[in-house]
Each structure stands twice: as structure tokens, then as C-alpha cells.
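This report concerns only the one structure given below.
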Protein chains: 2
Amino acid sequence: MPDRNHDLSERKKLILKAVIDAHIKNGEPVGSKALTKHELISCSSATIRNEMAELENLGYLEQPHTSAGRIPSEAGYRFYVDWLLDRYNLTNAEINELKANLSQKQAELDSIMDTAVKLAAKMTNYTALSVKPKILRITVSRYEIMRIDDYTCMLIMLIGSMVKTKYMHSEAQIPVQAAAQLSSVLNMTATGITASEFNMPLIMKMESAMGEYDYMVTPVVKAICQAMSEFDGSDLKFEGVNRLLSYPEYYDVDRLREILALFERKDDFLDVISNTGGDKNGINILIGRENVVKVMDNSTLIFKSIIQDGVPVGAIGIIGPTRMDYKRVIATVDSLAKGVSAALDRGGPKKIKGSGPGDAER
Amino acid sequence: MPDRNHDLSERKKLILKAVIDAHIKNGEPVGSKALTKHELISCSSATIRNEMAELENLGYLEQPHTSAGRIPSEAGYRFYVDWLLDRYNLTNAEINELKANLSQKQAELDSIMDTAVKLAAKMTNYTALSVKPKILRITVSRYEIMRIDDYTCMLIMLIGSMVKTKYMHSEAQIPVQAAAQLSSVLNMTATGITASEFNMPLIMKMESAMGEYDYMVTPVVKAICQAMSEFDGSDLKFEGVNRLLSYPEYYDVDRLREILALFERKDDFLDVISNTGGDKNGINILIGRENVVKVMDNSTLIFKSIIQDGVPVGAIGIIGPTRMDYKRVIATVDSLAKGVSAALDRGGPKKIKGSGPGDAER
DNA sequence: ATTAGCACTCACGCTCTTTAAGTGCTAAAT
DNA sequence: ATTTAGCACTTAAAGAGCGTGAGTGCTAAT
């Protein structure tokens, strides 16, 4: 089916769109009579009934029971999203809010994503999520030993663009130069190395470079490896989970429990999002059972990748009932993802040259 | 009423306890007949009825409707908690789990609290919360400038026992020595200082100490002040919110929505917890309307302070229906809070060995 | 003071009925 | 060849009526 668009007459498309729009608005099945009031539809309820019956045969509409109106099927939503959706532009107020919030933040992935995901939840009134992909090869690009007192120091590691810190408590006194020296030895010998590559030859090399302070190497390397194993780049955050409670779809506590339990299964989400990521530049929309996770029967997931320097570094998205305001959500997710990507490129840590704006901040 | 304990005959206390125990167990109103099966109660149902009627007059019991059994009132729970509760000891398995989880963690407030709050939710099957108090006087005890490339560096600040980092992007090249020098200047002149104390004389002093790199001072100080203002020590985390769904008390979606909305109002919680904190060493129990926040009608909040070096640095607690397993929850919260306090004292960053605080912070 | 006995209350679950919204089909109209 | 009016049919939801049972409060006997 190369272009199902042409399978439907204009009138059928109009009616399908009208049904879905109405259903999105009030959540109830839509009957033929109600549609006669639609300004663009000028035929009688009987005609509409005939058309709706055909749309049902085609799989785009469903009947909860004989004497009810029609509701969109998943295929119906899919058609709607693919062909019938007119573009929605955020209001100026919304755009301003978005810009104001994103631009005042420092261009750090973490904080900017946090802001964005909160904004997404607020603007759409659905649950928003942010994803940072798993870092497969965890390596430290910079080390720093910060000496806190005679027996304590803090190990600071730059992993990707994230900082991981670890307190270290030593039995032996830590001389001031030892900390500084250890920092530089680490930076010279142990950057870009995975935990498993900390082998004995390397450790011996480091020990000889440390001279009289060689006793510090082993505990520090242990701490580094532990920190690396603790560091789990992948992260999935949900924001505004309770917003789902506004929608009758989730009035059933059992369904609610299912979806909340789902939110705990972060790995599944990461799978879905990374596997679906075929479309790196566009909006991804997964309606109902299109989601790998089965429980999401009545829910839709909409997300878009965040691109930094041409590489996807995460995603931001929305989860809500299949009956969601697609126009608004798509527009919001799109703008937010673009906004975040732009903010990251503007002055992110990886962008080096002097092309960016003047100040350290902004 | 200095000691309401003596207002009640032993038999009334026994019956009250039996009612509450039974109600906690199955969540349903308890009738007189059911109590005759209680092994310690050896009178007839009629007698129990009379006693229960009196307990109702005293305000300890309530009747949902005429033909139902009795349920405990808030005052009933209060009496129960204050006078009737026998001590519960965690099982060895539980103690081992607790120890295993807490001791393997580094003694960092953040990570140990995270572990503890997750454990609390898991062990009690209620929602757990962790609180870190607002730091009133935000000062940096250590600075470190980590140079990332010619135009980028990262500012690392130790605030209390937390690390705050900030990327800085510069137009001008950052020489290697400049970063190191700036670190040491900052540590010499700007530790223990609040944002408002970064005044012009101080900045000028720093600039003269930086010599030819004096142009770096202003942007860095700006970044420091911004970081300080962004840094909000106070933090409240909830864990296992969806566990509430297991309890019929929260089967009503409206109530659920109320309590989830409550979880968003973190400031209120911080107020409640810091204002109730009269009892720094004991367990705090707030039943139903005893909570400042009104919505918590049917919920109980139990928490205990975390003490580090004699100073409260946070709290850990449980929220659940008023009908909760007080024995277990109290024992769990108590052990966890003690465990965390102990772990922090054992090797925390502030514990300096024999000498005492010979150091920039505190 | 305790208890057996009994009348009374009231939520809960059951069936039965009514209501109203909406459909499908047929036959007439355009 | 569509479209439409009309009508019989279906069905969920809402309400009415009724028996059931757990539980109470009271009274009188122990």
C-alpha cells in the first residue's frame, strides 16, 4: 500500500477527520447525527452512517457496541496522523516561554534536558520523558584529584559531557603534591581507557610515574573502575506522571497501575526509543500496539531525537492516551527538540571555536 | 490531658488494639463478633459492643454507617501509636539486606540517601521520601578549574558535601597555567564566601593575583555566582509512588490525584518536615489531619532525621494510608535512618580524623 | 458487670424496567 | 446512482425494587 491516502474519497477523509477531532475533544464515541452539525459536512445523517460503516470496514473506525457511535481505531489514528493532520503552530506566548526557558540555561545537556522535559509536560499536560542514550564505551576524558583534607580527597572524572565524582578516604596522609601529581599522571596515562583496560602494565607504569607516592595508585584506580561501573549513561526521566490522571482513559486504577509499572521498566523504553530511531530527524509517533510494549494499548508515544553536532545524544517525548491532541503535542515536541538541539550547538562543551556568542554564560 | 493512657481500662486498650490491628490487616471495619475470636479477649460480643460504643464516644473509633463494624479514628491511631504499639524487630534477612546495601556505598550523602530511600520503599511497600534541608548559607569550600580545551573549561565547586559543576566557554584562549593559577587564587581568596560577598575589592584582589590573566576573573566570578544561585540544596525525592496503588485507600482516582498533586508541592513537605522536626532524634509520626497539608486526610507520614556529626542533614520517611503497618514502618525507618547516619559518620567527607575541622568548610 | 436474645438499620448485590442514543436497512426522492 | 427519510432493532447506562447479611443498640435475665 504505497499511498493509502488515495484509497479514500475526500468525503470519507473529511468524515474520518471529523470523527477523530470530535473524539479527541470529548473522549466519547461520535455518532452520525452529531456530525451533521459539522460546518463542512452537508449531507444527512443517513449518508454519514453509510460512510462510517465503510470506514469501519476499512478498519479506521470501531464501534464499542452496536448502539454507540464510532471511535477511531489505531489504524484510524495512524491515517489521521499521516495524512489528515494540519500543521499547528504554537502561539507566540508559547514560543516565548519556550525560548525564555531554554536560552537562559547553560548549554549543558543535563540541565537543558531537565528544563525541556518539564516544559513539555507543562505545555501539553501529558507525561513527558527525556532519554539519554546508553554510553557503550565508558571512558574518562579528564581526571582531577581534589584534595579536601589530609585524609580525604575527591576524584572528579569527565565522562562524555557528564561529571562523575567519588569521595575517597585514605588511611595514609595525602600530601598536597601527591594529589596534583596523581591528577597529571592520570590525565597522561589513563584517558580514553575503559575499565577493563586498566591492566597491570598500565598500573605499574603509573606507579613508577608517581615515584614515592606510588602507594596511592591502586586505591585510586579501584575507585575509578568502581565509578565507571556505577556510571550508567543511559537515563530515562518522566515528568508530570500525575497529569495522566486528568484523562478518563486512566480513571481505571488497574490501567493506571499498568502504565505506572511501565514507567519503571526503563530498559524497555530505551529499547523502543533506540530501535525506532530510524527517523533521526523527524518526529516518531507510536500509536497503541505499535509500541513494542504491549501494555501501551491505549497510549501513544511521541518523541524526537536531540541532535548535538550531528549526533543524536538523546530524545524528548510525550506519553498520553491514544486520544491525544496530536497537533499540539507534535508541534511542542518538535519545537522543544529543535530548541534543545540549537541550544546545545550554540555553546555546548564540544563546540570549540570562537563562533559562539561572547560571554562564558548565556 | 497529660497521660491519656490511664483514661482507658486495660480491657478497652486491648479491644482498641485488637480493632486497629485487625483493621490494619484487612482494611475493613471490625465487628464485635470477629473480636470474640481474639485469643486474649474472653468476653462476649455484647460486652465488646458496649466497650466499643464507649470507645466511640471517647473518639477513638468510628462507624462508617450504622450496620458496619468500627474503624479507628485518627485519634485512635494516635493512641495506638503512642501507647499500644509493641516494638517490632526487623528480621535478620531484612537487617542483612539493609546493611549490605548501605555499607557498600561510598559515604556520600547523595548516593547513600538514594539507596536508603529505594530500600525504604521496597521494604515497606509504601512510598518513601528523602529530604535534604535547604542550605541557608551557600558557600564554596573548594574550587577547581578543569581545562577541557583551548576555549572551554569546567568550573567545579564543592558546596557542603555536594559537587556543583559549570561549563564555561571563553572567547579568548585559556592558557594551561591560567586555569591552574585561577584554581589556587580562588581557593585562597574565595572559599567560605556567599554570592553577595563577591564584592569589587575582592575581585580586584583576585585580578591582581592573576597578573596577566586578570581578564579571566570577571567571567569566572559571574559563573560562580550563577552556580550558587542555581544551587538549591533543598531537595525532596519520592520513590515508589506507584506502590500506593496496591492499597484500596487509593483506588479512588480522585484521592490518588490529590495525593500525587501533593507530592509535587515539595515546599509544603519541606515545611512540614522542618517544622515538625522538634524531635530530632526520634521518629516523627503525623497521622491524617495532623499534617499541615490538608489533603493528607487519610494518609500518614512517618520520618526520622539523618544526623551527621550531631547535625541533622536530612530526613528519610514513608508515606502511606493511615491504615499502615506502623510497627514495620517505624522499625524500618528507624533502622534506615540510623544506618545512614552511621554510614555517614563512618567515613564521610567531614569526618577528619582525630584533629577536628581544620578545613575551609563548616 | 456480663450476656443472650431480638428488633432494627443499612450497604451491597441482584434482577427488572425504562431510557436514550445510535445503528442498519428499506423504500422513496432527487 | 446517490441521497435521504423513516422505522425497527440493539444495547449500555441509569434507576427502582427487593432480599440478604453483617452488625448494631437495647432490654431483660443471669
Side-chain angles (χ1 to χ4, degrees), chain A residues 8-16 18-23 25-73 76 248-249 251-252, chain B residues 7-16 18-23 25-73 76 248-249 251-253:
Chain A
L8 293 188
S9 70
E10 284 305 312
R11 193 171 64 186
K12 279 207 182 57
K13 282 194 264 182
L14 179 60
I15 289 176
L16 180 56
V19 169
I20 299 184
D21 281 335
H23 183 69
K25 212 164 180 185
N26 57 28
E28 271 149 33
V30 184
S32 55
K33 204 172 179 183
L35 288 189
T36 56
K37 276 155 201 152
H38 192 289
E39 49 182 10
L40 295 178
I41 300 178
S42 52
C43 48
S44 77
S45 64
T47 312
I48 297 175
R49 272 203 292 284
N50 290 333
E51 294 284 51
M52 291 208 297
E54 287 184 57
L55 284 168
E56 185 171 355
N57 283 335
L58 292 168
Y60 295 129
L61 291 180
E62 285 172 355
Q63 255 184 314
H65 58 265
T66 329
S67 74
R70 300 302 206 296
I71 57 172
S73 68
E249 274 82 350
Y251 255 63
D252 180 9
Chain B
D7 293 6
L8 293 188
S9 70
E10 285 305 311
R11 193 171 64 188
K12 279 206 182 59
K13 282 194 265 181
L14 178 60
I15 289 176
L16 180 55
V19 169
I20 299 183
D21 282 335
H23 182 68
K25 210 163 181 186
N26 57 28
E28 271 151 32
V30 184
S32 56
K33 203 170 179 184
L35 288 190
T36 57
K37 277 156 200 151
H38 192 287
E39 48 181 12
L40 295 178
I41 300 178
S42 52
C43 46
S44 76
S45 66
T47 312
I48 297 175
R49 273 202 292 284
N50 290 333
E51 295 283 54
M52 291 208 297
E54 286 184 58
L55 284 168
E56 183 170 358
N57 283 335
L58 291 168
Y60 294 129
L61 291 180
E62 286 172 354
Q63 252 183 316
H65 59 266
T66 330
S67 74
R70 301 301 207 296
I71 57 172
S73 68
E249 276 81 350
Y251 256 62
D252 179 9
V253 177

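None of the values given here were measured: they were computed from a predicted structure.
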Worksheet item: Want to settle it: does B:P64 or A:G69 sit nearer the 5' end of DNA chain C, counting the closest nucleotide to each?
Response: B:P64

Fill in: pair A:I71-A:E62: side-chain heavy atoms closer than 4.5 Å
yes

Discussion item. Categorize B:S32 for me: base, sugar-phosphate, or nothing, with a 4.0 angstrom heavy-atom threshold over every strand shown.
Written reply: sugar-phosphate

Worksheet item: With respect to the phosphate group of C:dT3, does any side-chain polar atom (N or O) of B:T47 fall under 4.0 Å of OP1 or OP2?
Response: yes

Worksheet, complete the sentence: One should read off an interatomic distance between A:I20 CD1 and A:I15 CD1, to the nearest 0.5 angstrom, of 12.5 Å

Item to complete: Round to a whole Å and report the spacing from NE2 of A:H65 to P of C:dG24.
Response: 12 Å

Fill in: Pairwise side-chain contact, A:V19 with A:L55, heavy-atom cut-off 4.5 Å (strictly under)
no

Worksheet item: With distance as the sole criterion, do the side chain of A:S67 and the base of D:dT11 form a donor-acceptor contact below 3.5 Å?
Response: yes

Practice prompt. Report yes if a donor N or O on one partner sits less than 3.5 Å from an acceptor N or O on the other, where the partners are the side chain of A:R49 and the base of D:dG6; otherwise report no.
Written response: yes

Worksheet entry | Distance, rounded to the nearest Å, where B:N50 contributes CG and D:dC26 contributes C1' | 9 Å

Item to complete: Can you figure out which of D:dG25, D:dA5, C:dT3 approaches the side chain of B:Q63 most closely?
Response: D:dG25

Worksheet item: Counting only side-chain N and O atoms of A:T66, is one of them less than 4.0 Å from OP1 or OP2 of C:dG24?
Response: no

Item to complete: Could you work out which one of D:dG25, C:dT3, D:dT3 sits closest to the side chain of A:R11?
Response: D:dT3

Practice prompt. Calculate, to the nearest 0.5 Å, the distance between atoms CZ and CG belonging to B:R11 and B:L40 respectively.
Written response: 13.5 Å

Worksheet item: Atom CG of A:L55 to atom C1' of C:dT23: distance rounded to whole Å?
Response: 15 Å

Worksheet entry | Reference residue B:L35; test side-chain contact (heavy atoms from CB on, under 4.5 Å); the match among B:T47, B:L14, B:I48 | B:I48

Worksheet item: Rounded to the nearest Å, what distance is computed from the CD atom of residue B:E28 to the C1' atom of nucleotide C:dC12?
Response: 12 Å

Fill in: Between P of D:dG23 and CD1 of B:I48, the distance in whole Å
12 Å

Worksheet item: Rounded to the Å, how far apart are A:M52 CE and C:dG24 P?
Response: 8 Å

Discussion item. Using whole Å, what does the distance between atom P of nucleotide D:dG23 and atom NE2 of B:H23 come to?
Written reply: 14 Å

Worksheet item: Whole-Å distance between C:dG5 P and B:K33 NZ?
Response: 12 Å

